[in-house]
Protein chains: 2
Amino acid sequence: MTGSTTDTRQIIMNAARVMVQARGYNALSFREIGKEIGIKSASIHYHFPTKGDLGAALAHQYTEDALAFFGTLKDAALEPATCMEKYTGIFREALLNNNRMCLAGIMAAEHDDLPPEVRVEVDRFTDENVRWLTEVLAGKKTGLSDEQLRSQALAIFSAIEGAQLVARGRGDVAVFDQTIATYRSMSLIP
Amino acid sequence: MTGSTTDTRQIIMNAARVMVQARGYNALSFREIGKEIGIKSASIHYHFPTKGDLGAALAHQYTEDALAFFGTLKDAALEPATCMEKYTGIFREALLNNNRMCLAGIMAAEHDDLPPEVRVEVDRFTDENVRWLTEVLAGKKTGLSDEQLRSQALAIFSAIEGAQLVARGRGDVAVFDQTIATYRSMSLIP
DNA sequence: ACCTGAACACCGTTCAAGT
DNA sequence: ACCTGAACACCGTTCAAGT
């Protein structure tokens, strides 16, 4: 058990996640969170001693959520193309929801400025995504080697992150849709 | 004339560009620049009234440099595949050079936190890159419509930015090379 | 023309003190 | 167990003052 979904710790994390997805880890402010949820910034340090602890908890929970989503797709036993449509759909949703970015994507951009404990969680998100994409690709029975499948999975993940990053700059989901469609027409994405 | 390459204004910009490419716009600090180049932070405001002015000047010069590079490639009248190799080479160089990122890519991630004058310059970088990539693709005489060429150019730019973002997270240029090779094998990049 | 010190309201962090 | 006020060294910005 990790506690009720409305305990202070989770309320802090919810406010913080929104801030990071909109403006990045560096723009995350304890004082701003405090003002938003009606608590003093010093109190947040009781739940998360440092900003790095909060960032790491955020990235960790984000990956856990992704893994849970991957699990539901696995259980549904969908074909690769349908799986990929649902996958790109999550990145699309983030853009629709106030032009937000993937938490790991925006943090990867700030990589060199991240405390080690945050960096480790961001890397885990990439690993788990690539691992899952590799499994989906393996379901296509193309006779490609594991190494080739992993390369393609990494390329797919990179391409989607890039599409989100650029589309976000334009503030236009249509740009994202157009780019994903192009990836698909080139068979980069099944 | 934009003045000598070693005047104070340019020295500030050089130090600032390195900081942004390594740690993002938010991590850019007037006081840190001051310490590095031996000047008081208040003095920097004489050259760049606000942080937004500095960021916009940085992005503007970055785009101008890119345009100059595009010009030399055009003059060399290379075939598309060779052009693209030189193009991806720039992004590769940034990673080799202290794991840095494309200035526009890292700033795009912080998009919502950027002053309007900076945002405008970051968008211009994307526009000019897509415009140039469209021209290169047009040189292939594939009979695709202008609209289709532009879509592919946007997809190429997005995919390369994403490859750089993810490879940077791993701190491994080999990851970038592998992903670009995959893009090429799928004919996303000529 | 270019630089500076001092002040302002911000920031994360610490810590003794409250309940 | 959880929260707070006050202090610390940071930040961008402003401005009167120096050369």
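Residue numbering restarts at 1 for every chain, and letters A, B, ... go by the order of the sequence lines. The structure displayed is predicted, hence computed values, not measured ones.
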Just wondering, do [Y] and [X] contact through their side chains at under 4.5 Å, heavy atoms?
X: B:Met186; Y: A:Gln152; value: yes
X: A:Val118; Y: A:Val122; value: yes
X: A:Glu93; Y: A:Asn97; value: no

* Report the C-alpha distance between A:Gln61 and A:Asp65 in whole Å, list the side-chain angles of each, state the deciding distance to 0.1 Å, and finish with yes or no for side chain to side chain donor-acceptor pair (under 3.5 Å). => CA-CA 6 Å; A:Gln61 184 170 277; A:Asp65 289 349; 4.8 Å; no
Please give, in whole Å, the distance from [N] [atom2] to [X] [atom1]?
X: A:His47; N: D:dA1; atom1: NE2; atom2: P; answer: 12 Å
X: A:Leu114; N: C:dG12; atom1: CG; atom2: C1'; answer: 16 Å
X: B:Glu32; N: D:dC11; atom1: CD; atom2: P; answer: 7 Å
X: A:Lys51; N: D:dC10; atom1: NZ; atom2: C1'; answer: 12 Å
X: B:Tyr25; N: D:dC11; atom1: OH; atom2: P; answer: 15 Å
X: A:Arg9; N: D:dA1; atom1: CZ; atom2: P; answer: 15 Å
X: A:Ile37; N: D:dC3; atom1: CD1; atom2: P; answer: 9 Å
X: B:Phe30; N: C:dC10; atom1: CZ; atom2: P; answer: 19 Å

* Counting side-chain heavy atoms from CB outward, which of D:dG12, C:dG12, D:dC3 is closest to A:Thr8? ->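 Nearest listed nucleotide: D:dC3.
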* To do: Ignoring the backbone of A:Thr50, work out which of C:dC11, C:dT13, D:dC11 is nearest its side chain.
  =>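 Within the option list, the nearest is C:dT13.
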* To do: Report the C-alpha distance between B:Thr50 and B:Asp53 in whole Å, list the side-chain angles of each, state the deciding distance to 0.1 Å, and finish with yes or no for side chain to side chain donor-acceptor pair (under 3.5 Å).
  => CA-CA 5 Å; B:Thr50 67; B:Asp53 291 322; 3.1 Å; yes
* **Whether A:Phe70 and A:Trp132 hold their rings parallel, tilted or perpendicular, with breakpoints at 30° and 60°** => parallel
Does this structure show an ion pair linking [X] with [Y], if we count only N-O contacts that are shorter than 4.0 Å?
X: A:Arg31; Y: A:Glu36; result: no
X: A:Asp127; Y: B:Arg170; result: yes
X: A:Glu64; Y: A:Arg124; result: yes
X: B:Glu147; Y: B:Arg150; result: no

* To do: Taking only the side-chain nitrogens and oxygens of A:His45, find out if one of them lies under 4.0 Å from OP1 or OP2 of D:dC3.
  =>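 A:His45 to D:dC3 OP1/OP2: no side-chain N or O under 4.0 Å.
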Which protein N or O atoms sit under 3.5 Å from an N or O of nucleotides 4-7 of chain D?
from	atom 1	to	atom 2	distance (Å)
D:dT4	OP2	A:Lys40	N	2.9
D:dT4	OP2	A:Ser43	OG	2.8

* To do: Identify whether any heavy atom of A:Ile33 sits under 4.0 Å from a base atom; if not, whether one sits that close to sugar-phosphate; answer base, sugar-phosphate or nothing.
  =>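 Touches nothing.
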* According to the Watson-Crick and G-U wobble definition with distances under 3.5 Å, which dot-bracket string, read 5' to 3', encodes DNA chain D, using [ ] for crossing pairs and | for pairs with another strand? -> ||.|||||...|||||.||
* **B:Tyr62-B:Phe125 aromatic ring centre distance below 6.0 Å** =>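 Ring centroids of B:Tyr62 and B:Phe125 are less than 6.0 Å from each other.
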For nucleotides 17-19 of chain C, give me every protein contact, N/O to N/O, under 3.5 Å, one pair per line with atom names.
none

* CG (A:Asp146) with more than 12 external heavy atoms under 6.0 Å -> no
